[in-house]
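Heads up: numbering here begins at 1 and tracks the sequence.
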Amino acid sequence: MIMEQVNLNSNTFPSHTSFWWHAIKKHAELGAALFSGLIIAFTWITEGTYSSTIESMLYIIAFVIGGFAKAKEGIEDSIAEKDVNVELLMIIAAIGAGSIGYWTEGAILIFIFALSGALETYTLNKSERELESLMEIQPETATIFSNGEERVVPAASLSIGDVILIKPGERVPVDGVITKGQTSLDQSAITGESIPVIKRIDEEVFAGTLNISGHLTIKMTKRSEDTVFQKIISLVQEAQDQKAPSQLFIEKLEGWYVKIVLVVGALLMVLPHFLFGWTWEETIYRAMVFLVVASPCALVASIMPATLSAISAGARNGILFKGGVHLEQLGSMKAVALDKTGTLTEGSPVVTDVDTRADMSEETFINIVASIERQSTHPLAKAIVDHAGDVTFLEPEDMMDHSGWGIKASIEGTSWKVGKLAFFSEDEGFDLFEENYRHLQSSGKTIVLAADNHGIAGMIALKDKVRSESATMVKALKRRGIEPIMLTGDSEQTAKAIAEEVGISSYYANCLPEDKVKRLKELKKKYQTVGMIGDGINDAPALAVSDVGIAMGQGTDVALETADVVLMKNDLGKLTRAVNLSNRLNKIVKQNVIFSISVILILIASNFFQFLTLPLGVLGHEGSTILVILNGLRLLK
């Protein structure tokens, strides 16, 4: 075979120079703040060594270096939004302090303001790094096999139906189906599962997963932008861009608040001189202190850094939020509706009991039923075949499928019927199994009967296995005051059995998609804020109606797109972690808001009674801003 190397864009592999330039740009704001701090420290330590003009020039340089980024941001935002903002207020306060001779205090104000801004930028960059770390996992190139040749091409140029070769140690570039080969795949980037899984022919593989051992040939089944991996990236991007209601309220308040502060500050430059007999110097000085301490920097920084930190922490732990609004609402949830199949249960039935006639051994019975069911794609049939294990299957003849009822077939000259109870007549010997049948059915199991020429030969009980974490999750929700309610399309008996097993006291059975929506609306009237967890197409309408739609990570595309929160790896245990994260966020936001408002009020009162100096005002105001940002960063852990 001929190996052809395709020339790729030089931007695909960044040079060392571009790497360092990117790093410098990313930390430029912090570097500028620290450099201005060094200039301020040098000027203050050497005070008296140089003339006052040189000292003033050094402070002005510190003003420009430290305040440039925030001043530029403030001016651009003001022009774009045609409104004043907190950045402009701080620049005015710093220039005002310098204009009355308080260069040191004005420079320190700029330095601490720039430092707090750099911390906010760090929080944003930290959130973006979570996304970058995801994006770095997906390969930029792929080896395709076409017309008897192997070619390395950009992954973005691949199309559905392309045949792709993947060697050991390489990551899968796209979603596809294995057409040749067998391997162990590390799927931790997608599912969070740390243990590699075996993948064989006709099984699906996901972009971003790591091929550990074997050589694979796969056929691409989804466009690059439609892969599970890209959907995860899109969810994280959407979450970073969407602001919480509390953040939107603070930003809306900010414009009016800054205007009020500027008007009051202007009045304070004049009125106290005439009303209280203050000197002009004291009047202007107090007005400058007011501009500093009344600025809502800490209040503005109370929410966004904390929200971004929580979203980043969630993404790192397999919980994807589509925005701060859903993260906030999760903490106020009073009830949560849970789908059964694929959510509380694993979605794949298993054989639990086999009961046979006295003259029929269990092994023979299972072999015959599995041989007949092997031709079916029904989940119950697949479970019976899996239960049979590695046996030599018999070849059924004269097969006839009675849709919704069962199958008729002939094996080695004997006629067989396999299906549900209604498929059999009263004279086929059901009375021998009736007592056990009723017992198994009452425990929520599905029963498959099989009869030969002599009547019913046996029955097989199957049950959708409850997830190991379901009962623990239900208890945890109840402890937090959240009522779990099960919505399922299954029968009353099955629903009751599963509800009792996991500890749910309230459930609704025989629910069609429209019934789930109706129940959700009823629950919202009763509990106000209601969540919904599901994984299937039939759950999508209910997910959309709920206040917080939560999808299982391996659910259908429709469920993933409709939901507000995605639990990766189909791990229900992550729901309680998500609720805990929401509660922590809401608690920290409240702490920050109360603390920042209290500091502003105390500083304003202290300034009015002439207790507060400009340096202490700067320290108190900007120190509180840094504290609320650091408090928000605690959510990264």
Side-chain angles (χ1 to χ4, degrees), residues 16-47 49-50 54-77 85-98 102-129 132 292-293 295 297-298 300-302 304-306 308-309 312 592 596 599 614-634 636:
H16 290 293
T17 304
S18 64
F19 170 80
W20 286 109
W21 175 243
H22 178 70
I24 291 169
K25 283 176 67 179
K26 182 180 287 188
H27 301 291
E29 192 174 344
L30 178 61
L34 294 175
F35 187 49
S36 70
L38 289 174
I39 296 173
I40 294 166
F42 173 80
T43 309
W44 181 70
I45 292 170
T46 59
E47 186 176 359
T49 306
Y50 308 101
I54 293 176
E55 287 180 359
S56 298
M57 287 300 298
L58 287 172
Y59 281 129
I60 290 171
I61 292 170
F63 268 54
V64 173
I65 293 174
F68 176 79
K70 282 295 178 184
K72 181 173 179 288
E73 180 184 332
I75 292 169
E76 288 177 347
D77 288 349
N85 51 49
V86 69
E87 284 82 9
L88 283 184
L89 181 58
M90 295 312 299
I91 297 301
I92 291 169
I95 293 173
Y102 290 88
W103 288 107
T104 306
E105 288 81 354
I108 292 173
L109 172 61
I110 289 291
F111 164 66
I112 302 179
F113 185 58
L115 188 61
S116 64
L119 278 175
E120 285 192 76
T121 303
Y122 167 79
T123 307
L124 182 60
N125 288 341
K126 178 74 174 175
S127 182
E128 288 176 346
R129 280 198 295 274
E132 288 173 2
V292 171
V293 301
S295 175
C297 295
V300 171
S302 294
M304 183 57 80
L308 288 174
S309 297
S312 295
N592 286 348
S596 58
V599 170
L614 186 55
L616 287 177
V618 169
L619 186 62
H621 175 266
E622 294 302 329
S624 65
T625 304
I626 291 174
L627 284 176
V628 298
I629 293 173
L630 292 176
N631 194 35
L633 289 177
R634 290 194 297 126
L636 286 170

Taking distance alone, no hydrogens or angles, what donor-acceptor pairs closer than 3.5 Å link side-chain atoms of residues 62-69 to residues at least two apart or in another chain?
none

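Note that CD1 of Ile61 and CD1 of Ile54 are 10.5 Å apart. Values are rounded to the nearest 0.5 Å. For the atom pair Phe42 CZ and Glu55 CD, the distance stands at 10.0 Å (nearest 0.5 Å). Here OG of Ser624 is found 12.0 Å from CG of Asn631. Values are rounded to the nearest 0.5 Å.
Of all heavy-atom pairs spanning Ala306 and Ser302, the tightest one is CB-O, 4.1 Å. Nearest heavy-atom pair across Val293 and Gly617 is CG1-CA, 3.7 Å. When all heavy atoms are compared, the tightest approach of Thr625 to Ala301 is CG2-CB, 4.3 Å.
Partner of Leu58 under the side chain to side chain contact (heavy atoms under 4.5 Å, CB included) criterion, chosen from Thr43, Ile40, Thr46: Thr43.
Partners of Tyr59 under the ring pair (Phe, Tyr, Trp, His ring centres under 6.0 Å) rule, at least two apart in sequence or in another chain, do not exist in this structure.
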